[in-house]
Amino acid sequence: MLTTEDIRFLVVVSNHRTLADAARALNITPPSVTQRIQHIEKKLSLKLLQRPSRIVSLTEEGRVLVDTGSSILEDLDELTDKLNESRGDVSGRLRVLAPLGFGNDVIAPLLGEYKKAHPRLEVELELSDKPNWANHHKWDIIIYIGHLADSSLKMVSLAPNKRFVCASPEYLSRYGQPETPQDLKKHQCIALRENNEDVTLWSFTHTVSGSIENVRIRPSLASNEGRVIKDWALRDLGIIMRSEWDIQSQIDSGKLVRLLPDYELPNADIVALVSSAAHERSARVTGFLSLLKEQCQKAPWLSRD
């Protein structure tokens with residue numbers, strides 16, 4: 001008889017390109033994977049994988065089993081979660097998607113703290129600055145920073161977050177300080193490529209007149225990792241635009257200097273995106289959102305202007 005563990009095993013195998021990849025994910029040897037597949041096929045009197053091939057390729061019957069089995073497993077997990085929640089137990093799997101920098105610095109430690117408080121909880125964290133919105137259903141919580149296009153997901157505000165342009169004192173002593181946004185065209189600018197935004201178009205609003213100035217920079221350096229571009233700025237290589245959550249401490253210490261204080265950039269507020277309304281959320285999601293909001297409201301940059 002087919003068991004839920006058989007189904008879980010086949011789902012893992014189907015999510016990997018090769019049997020060797022699946023073996024590493026399952027922490028067993030490739031021959032063990034092959035033997036387990038053959039054992040399940042023998043129980044069902046069906047071929048589930050195409051052979052011979054090192055690439056995982058399901059037969060039609062294998063695809064039906066994995067697709068239908070995945071749905072059954074989700075229903076069983078949901079049932080287990082509901083039973084656990086009825087006794088106030090935070091358990092099950094919490095799946096979180098977060099940006100690289102903020103995910104490393106803020107979300108990962110909080111998830112560790114949350115897991116420690118709830119030993120029966122399983123946590124999956126993925127870090128990416130280019131989330132695949134087509135797979136948003138895969139995640140219980142998506143942490144997002146920046147301008148958010150229309151989304152069917154529910155938004156939970158966590159913390160306001162301004163953007164600044166800044167550079168190191170050494171860079172400014174060498175090349176001078178820009179007085180207007182248009183002066184940036186004469187400088188070495190560094191771009192952060194994230195969230196599929198137009199990262200070379202910097203839009204400034206004058207704090208007094210409200211006039212808007214758009215500047216198309218030509219970056220001398222660019223990266224998809226916020227830590228990299230901040231490090232380049234600290235190494236006197238140019239001007240960056242970055243969220244205050246990431247650079248406020250360097251501004252406070254004098255390692256970076258905030259530029260163009262008479263202008264504002266579009267905010268990049270920090271939010272959590274979830275698929276369900278508050279009364280429909282599991283205890284593990286509700287609990288972690290509460291912890292997130294509590295910690296984000298204590299964020300050091302919020303007390304500074």
Side-chain angles (χ1 to χ4, degrees), residues 1-81 91-104 107-108 111-112 115 120-144 153 193-196 222-228 273 275 284:
M1 178 182 294
L2 189 68
T3 67
T4 56
E5 290 308 309
D6 290 335
I7 299 173
R8 291 188 192 279
F9 171 82
L10 290 168
V11 169
V12 172
V13 171
S14 69
N15 286 331
H16 289 83
R17 183 174 179 272
T18 67
L19 294 181
D21 291 338
R24 281 190 288 271
L26 293 163
N27 198 28
I28 59 178
T29 65
S32 296
V33 173
T34 301
Q35 291 171 8
R36 179 77 181 273
I37 292 170
Q38 291 173 343
H39 176 68
I40 297 171
E41 288 179 329
K42 185 176 181 180
K43 284 201 289 186
L44 297 174
S45 297
L46 291 171
K47 288 296 181 184
L48 302 175
L49 264 67
Q50 302 283 2
R51 295 186 182 81
S53 176
R54 294 183 178 179
I55 306 301
V56 173
S57 177
L58 296 174
T59 63
E60 183 177 350
E61 293 79 8
R63 176 52 59 191
V64 170
L65 191 155
V66 167
D67 289 346
T68 306
S70 296
S71 179
I72 292 171
L73 291 175
E74 289 176 5
D75 289 342
L76 285 172
D77 290 341
E78 184 177 350
L79 174 60
T80 301
D81 291 344
S91 60
R93 179 174 296 176
L94 179 65
R95 298 160 297 182
V96 180
L97 175 66
L100 282 168
F102 193 76
N104 267 308
I107 302 301
L111 280 171
K115 164 65 177 174
R120 288 168 53 81
L121 182 71
E122 296 178 16
V123 172
E124 179 180 351
L125 172 64
E126 182 169 315
L127 303 179
S128 173
D129 284 330
K130 290 186 177 181
N132 182 354
W133 294 108
N135 293 332
H136 69 80
H137 59 277
K138 178 181 176 182
W139 307 102
D140 297 305
I141 301 174
I142 299 175
I143 308 301
Y144 192 83
L153 298 173
R193 303 191 182 281
E194 62 179 352
N195 295 339
N196 296 316
S223 175
N224 70 326
E225 169 60 89
R227 290 180 176 179
V228 171
L273 303 173
S275 59
R284 61 181 177 275

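Worth knowing before you read on, the calculation uses all heavy atoms, side chains too, and leaves out hydrogens, waters and symmetry mates. One is the number of the first residue; the rest follow in order along the sequence.
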Please assess V64 against L58 for the test side chain to side chain contact (heavy atoms under 4.5 Å, CB included), listing each intermediate value before the final yes or no.
-> CA-CA 9 Å; V64 170; L58 296 174; over 6 Å; no
In this structure, CZ of R227 is separated from CG of L100 (nearest 0.5 Å) by 9.0 Å
Test item: R95 and I141 side chains (from C-beta on) under 4.5 Å apart, heavy atoms | no
Distance-minimising heavy-atom pair for A22 and V13 | CB-CA, 4.0 Å
Kindly check if the number of other-residue, nucleotide or ligand heavy atoms within 6.0 Å of CZ (R17) is above 12?
-> no
Applying side-chain contact (heavy atoms from CB on, under 4.5 Å), name anything that partners I28, two or more places apart in sequence or on another chain.
-> F9, L26, S32, V33
Rounded to the nearest 0.5 Å, the CG atom of L19 sits from the OG1 atom of T29 at a distance of 11.0 Å
Step by step, would you call L73 with R8 a side chain to side chain contact (heavy atoms under 4.5 Å, CB included)?
-> CA-CA 8 Å; L73 291 175; R8 291 188 192 279; 3.6 Å; yes
Carefully, step by step, assess D140 and R93 under the rule side chain to side chain contact (heavy atoms under 4.5 Å, CB included).
-> CA-CA 9 Å; D140 297 305; R93 179 174 296 176; 5.6 Å; no
Flag, side chain of E61 to backbone of L48, donor-acceptor distance under 3.5 Å | no
Does K47 use its side chain to pair, donor to acceptor, with the backbone of E41 at less than 3.5 Å?
-> no
Are any side-chain N or O atoms of K43 and backbone N or O atoms of L2, one a donor and one an acceptor, separated by less than 3.5 Å?
-> no
Do L97 and S128 come close enough that some side-chain heavy atom pair is under 4.5 Å?
-> yes
Distance col, row I40:CD1 vs E5:CD, nearest 0.5 angstrom, shows 10.0 Å
Of all heavy-atom pairs between P30 and A20, which one has the smallest distance, and what is that distance?
-> CG-CA, 4.3 Å
Atom pair NE2 (H39) and OG1 (T34), whose distance is rounded to the nearest 0.5 Å = 14.5 Å
Atom pair CD (E60) and CG (L46), whose distance is rounded to the nearest 0.5 Å | 11.0 Å
Mind checking side-chain contact (heavy atoms from CB on, under 4.5 Å) for L125 and listing every partner two or more places apart, or none if nothing turns up?
-> V96, A98, I107, A108, L111, L127
Step-by-step side chain to side chain contact (heavy atoms under 4.5 Å, CB included) determination, T68 to I7 | CA-CA 10 Å; T68 306; I7 299 173; over 6 Å; no
When every non-hydrogen atom of R193 is compared with those of A222, the smallest separation belongs to NE-CB, 3.7 Å
Nearest heavy atoms of V66 and S14, plus distance in Å = CG1-OG, 3.5 Å
Hey, what do you get for NZ (K42) to CD1 (I37), rounding to the nearest 0.5 Å?
-> 16.0 Å
